[in-house]
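Everything on this sheet refers to the single structure shown next.
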Number of protein chains: 2
Amino acid sequence: MTCPGSKIAALGRFVSAADVAERAGVSRSTVSRAFTPGAQVSKSARHRILAAAEELGYRVNRLARTLHQERSDLVGVVGGNFANPYISAQLDALSSALHARGLQCLLMNTARTGGDVSEDLARLLDYRVRTVVLLSGATPDELIRLCAQNGARMVLINRPHPPEGTLADLILCDSARGGRLAAERLAQAGCRKVAVVVSGSRTSAKTARADAFCAEMDRRGIPVTRWADGANSYQTGAEAARALLARPGPHLGPHIEHDGIFGVTDEIALGVLNTARFELGLSVPGDVSVIGFDDAPISGWASHGLTTIRQSLEELTRATMEAIKRPAGAPTTRFDVPVHLVERHTVG
Amino acid sequence: MTCPGSKIAALGRFVSAADVAERAGVSRSTVSRAFTPGAQVSKSARHRILAAAEELGYRVNRLARTLHQERSDLVGVVGGNFANPYISAQLDALSSALHARGLQCLLMNTARTGGDVSEDLARLLDYRVRTVVLLSGATPDELIRLCAQNGARMVLINRPHPPEGTLADLILCDSARGGRLAAERLAQAGCRKVAVVVSGSRTSAKTARADAFCAEMDRRGIPVTRWADGANSYQTGAEAARALLARPGPHLGPHIEHDGIFGVTDEIALGVLNTARFELGLSVPGDVSVIGFDDAPISGWASHGLTTIRQSLEELTRATMEAIKRPAGAPTTRFDVPVHLVERHTVG
DNA sequence: TTGTAAGCGTTATCAG
DNA sequence: CTGATAACGCTTACAA
């Protein structure tokens, strides 16, 4: 730095426009104008102001700026499991897209919270977020009401049965089709007794996937066991595999065996797959076929090669951004994200 | 709802304290007091106010509140690769811990940005974050200066050579020890010619891990090839494996072979591992040993069983939260996160 | 082109 | 216990 007198003076507080105004010898309004895109300021004033701001480390306070505008640049993103291989990829893509659009991502992790979820979510509104995006987890009616009353938009991702009177943009991958595709594929592989592994949660898209799977199997007269317990996690898949694929033996009680398993998320399916292969010593797809849902990046890794139902991350992110970009008063819509079978090596 | 006249009237804008005051028949100040923990309000007034607020869907505007206080509840979290298996786990833990502490997480994804990174990061200050946490990516001097000038704290995670005069809390896992442990383990396995795979980035902790690894190998007289190219990704590991483990043959040019590879992150190491096993048909650890760094959750999966250097996620998160919780004026410190070898099945 | 003044939704101070 | 009133840092008429 060659600017004379530019010794950095840490104020211990945020630099304000008044500080800059004083340094540049203009009024606060002029400083404001210098930072407002379409405003009229003389070249020399702008130059002095920008220099002063640079020296002092001034940045416009967007919190204060937001007090004037009806919408902030804050987008609340809510989820409960950012370590999940698909959700983390989704979050990575979404946060990147938001950033590119000049929007800020206010992240809220609702998992592992003892308290009131609806109170937690409502906290997002304290920051006047323009939109709340629900990636996963519950959708309390309370939040819906709050958003509606405050004119904030909501974007619900993969929530097949949105609460009554919801004022939200819906983004849905075709769970019914996906579940059906999974069933068809296992049937085609010649499975005679199958199972579907869902997490314990009630209202999610996972249930819809499982339902469609069961319906299609029913139609074909193939018996299906429904395992619905635990979280949406690898561990759940592992536990299910131990129970559903137990080999008959003197100490094991009744003989339970399945030759095809559908995990409603890839993480669950990978838990099933690895447990079958490495813990139970089964051949996949020789002894049992496994199919998942999502197509998370790691599912394609050679260590897994999981056959799965893909919901395109690009499409999903594009649709989410479309919804977020809608103007405040626009009517709500619904975006459908296509789904298709990705053939790999875990179904016979 | 049994309240008469409680029909929800969506205002299309955020509900303010003035709205509540009018409905409850009190002044704005009293409304404010009703929402301030230690304040004095009559029981009846509080009751009326809370009821009105509930009906209208009022929430205290923390943006406006922040104008008065010197610190906000916003913590900026910056990273570039949230889909990485270790970073996503870290983000999951951190966001959860922040939430439990009543702090909000303002997430910024700096990857895939064409623009000026330092300008992007500075945008966080526009929201008056009390602290900026850098999970990964570059640390522009510009940002350091800006934070210092504005009295915002910084927390630098695994940035071994912080810029000169940095006013930041440092959180460091013992890269030197980790790199050495990896080298010792490969040497112990009898490796004679090893390689280390780093991503292309310069200033990160990954370089320190690689340096320590090389130094220890040098000391032992074991030749080491350094592959430093591409991103911190699975793909980088895969490409490195193809180059470093190429079998001799007429069309391949010089014979390049290594019997031990250290990937400076688990994601890289997993790329090496899977490519060696499934694409090159090599036995791990029979033909080649592979060791990683991080101990991401998926490294422990039976499909991988990666031997790795673990940096405890719990310790890391705890230290990060400690740093975040420090009061505004507290002197900066340094937290060391221990590191140890996790023995699994990819080193002979 | 610039400055003055009002207002955004809070909280804090100070009378009453 | 409550209500004016003055900040907080900014934007935006309005006036000069």
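All values below were derived from every heavy atom in this structure, side-chain atoms included, with hydrogens, water molecules and symmetry-related copies excluded.
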Kindly state each residue pair satisfying side chain to side chain donor-acceptor pair (under 3.5 Å) with at least one member in residues 56-65 of chain A, sequence neighbours excluded.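 Output for this query lists Arg59(A)-Glu119(B), Arg59(A)-Asp126(B), Arg62(A)-Asp73(A), Arg62(A)-Tyr127(B).
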Kindly give the atom pairs (protein nitrogen or oxygen, nucleotide nitrogen or oxygen) under 3.5 Å for nucleotides 13-16 of chain D.
none

Residue from Thr131(B), Ile157(B), Leu135(B) passing side chain to side chain contact (heavy atoms under 4.5 Å, CB included) with Thr320(B):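 Among Thr131(B), Ile157(B), Leu135(B), the one meeting side chain to side chain contact (heavy atoms under 4.5 Å, CB included) with Thr320(B) is Ile157(B).
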Using the salt bridge (charged side-chain N to carboxylate O under 4.0 Å, His left out) criterion, which residues pair with Glu22(A)? Sequence neighbours excluded.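 Counting only residues at least two positions away or on another chain, Glu22(A) forms no salt bridge (charged side-chain N to carboxylate O under 4.0 Å, His left out).
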What residues, two or more places apart in sequence or in another chain, satisfy salt bridge (charged side-chain N to carboxylate O under 4.0 Å, His left out) together with Arg334(B)?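 Arg334(B) satisfies salt bridge (charged side-chain N to carboxylate O under 4.0 Å, His left out) with Asp336(B) only.
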Which atom pairs link the protein and nucleotides 8-10 of chain D when you take only N or O atoms and keep those under 3.5 Å?
residue : atom : partner  : partner atom : Å
dC8(D)  : O2   : His68(B) : NE2          : 3.0
dC10(D) : OP1  : Tyr58(A) : OH           : 2.8
dC10(D) : OP1  : Asn61(A) : N            : 3.4
dC10(D) : OP2  : Ala17(A) : N            : 2.5
dC10(D) : O2   : His68(A) : NE2          : 2.7

Looking at Glu54(A) and Arg145(B), is any side-chain nitrogen of the basic one under 4.0 Å from a carboxylate oxygen of the acidic one?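 Yes, charged N to carboxylate O under 4.0 Å.
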Quick one: how far along DNA chain C does chain A reach, first to last nucleotide 5' to 3', anything under 4.0 Å to a heavy atom?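 Range of nucleotides within reach of chain A: dT1(C) to dT10(C).
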Within a strict 4.5 Å, meaning less than it, do heavy atoms of the Thr110(A) and Leu121(A) side chains meet?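 Counting from C-beta outward, Thr110(A) and Leu121(A) do come under 4.5 Å.
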Could you go through residues 27-41 of chain B and list every donor-acceptor pair under 3.5 Å that involves a side-chain atom there, pairing it with any protein atom two or more places apart or in another chain?
residue  : atom : partner  : partner atom : Å
Ser27(B) : OG   : Thr30(B) : N            : 3.4
Ser27(B) : OG   : Thr30(B) : OG1          : 3.1
Thr36(B) : OG1  : Ser32(B) : O            : 2.9

Nearest whole angstrom, please: distance from the P of dC1(D) to the CD1 of Ile49(B).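 In whole Å, dC1(D) P and Ile49(B) CD1 are 13 Å from each other.
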Strictly below 4.0 Å: does Thr30(B) bring a side-chain N or O up to OP1 or OP2 of dC1(D)?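 For Thr30(B), the contact criterion (side-chain N or O under 4.0 Å from OP1 or OP2 of dC1(D)) is not met.
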Reckon Val26(B) touches a base, only the sugar-phosphate, or nothing at all at heavy-atom distances under 4.0 Å?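 The residue Val26(B) makes sugar-phosphate contact but no base contact.
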If you fit an axis to the five pairs at each end of the helix from dT1(C)-dA16(D) to dG16(C)-dC1(D), how big is the angle between those two axes, to 10 degrees?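 Between the first-five-pair axis and the last-five-pair axis there is 40°.
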What's the spacing between Asn81(A) CG and Ser136(A) OG if we round to 0.5 Å?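 Here the rounded value is 6.5 Å.
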How long is the span from the CZ atom in Arg130(B) to the CG atom in Leu106(B), to the nearest 0.5 Å?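 Here the interatomic distance stands at 13.5 Å.
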Residues in side chain to side chain contact (heavy atoms under 4.5 Å, CB included) contact with Glu322(B), at least two apart in sequence or another chain: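 Expected list: Lys325(B), Phe335(B).
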Partners meeting side-chain hydrogen bond (donor to acceptor under 3.5 Å, both in side chains) with Arg153(A) (sequence neighbours left out):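 side-chain hydrogen bond (donor to acceptor under 3.5 Å, both in side chains) check on Arg153(A) returns Asp169(A).
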Hey, could you give me each pair passing salt bridge (charged side-chain N to carboxylate O under 4.0 Å, His left out) that has a residue in residues 42-52 of chain A? Not counting sequence neighbours.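 Output for this query is empty, none listed.
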Any ring pair (Phe, Tyr, Trp, His ring centres under 6.0 Å) pairs touching residues 37-57 of chain B, not counting sequence neighbours?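 Matches after skipping sequence neighbours: none remain.
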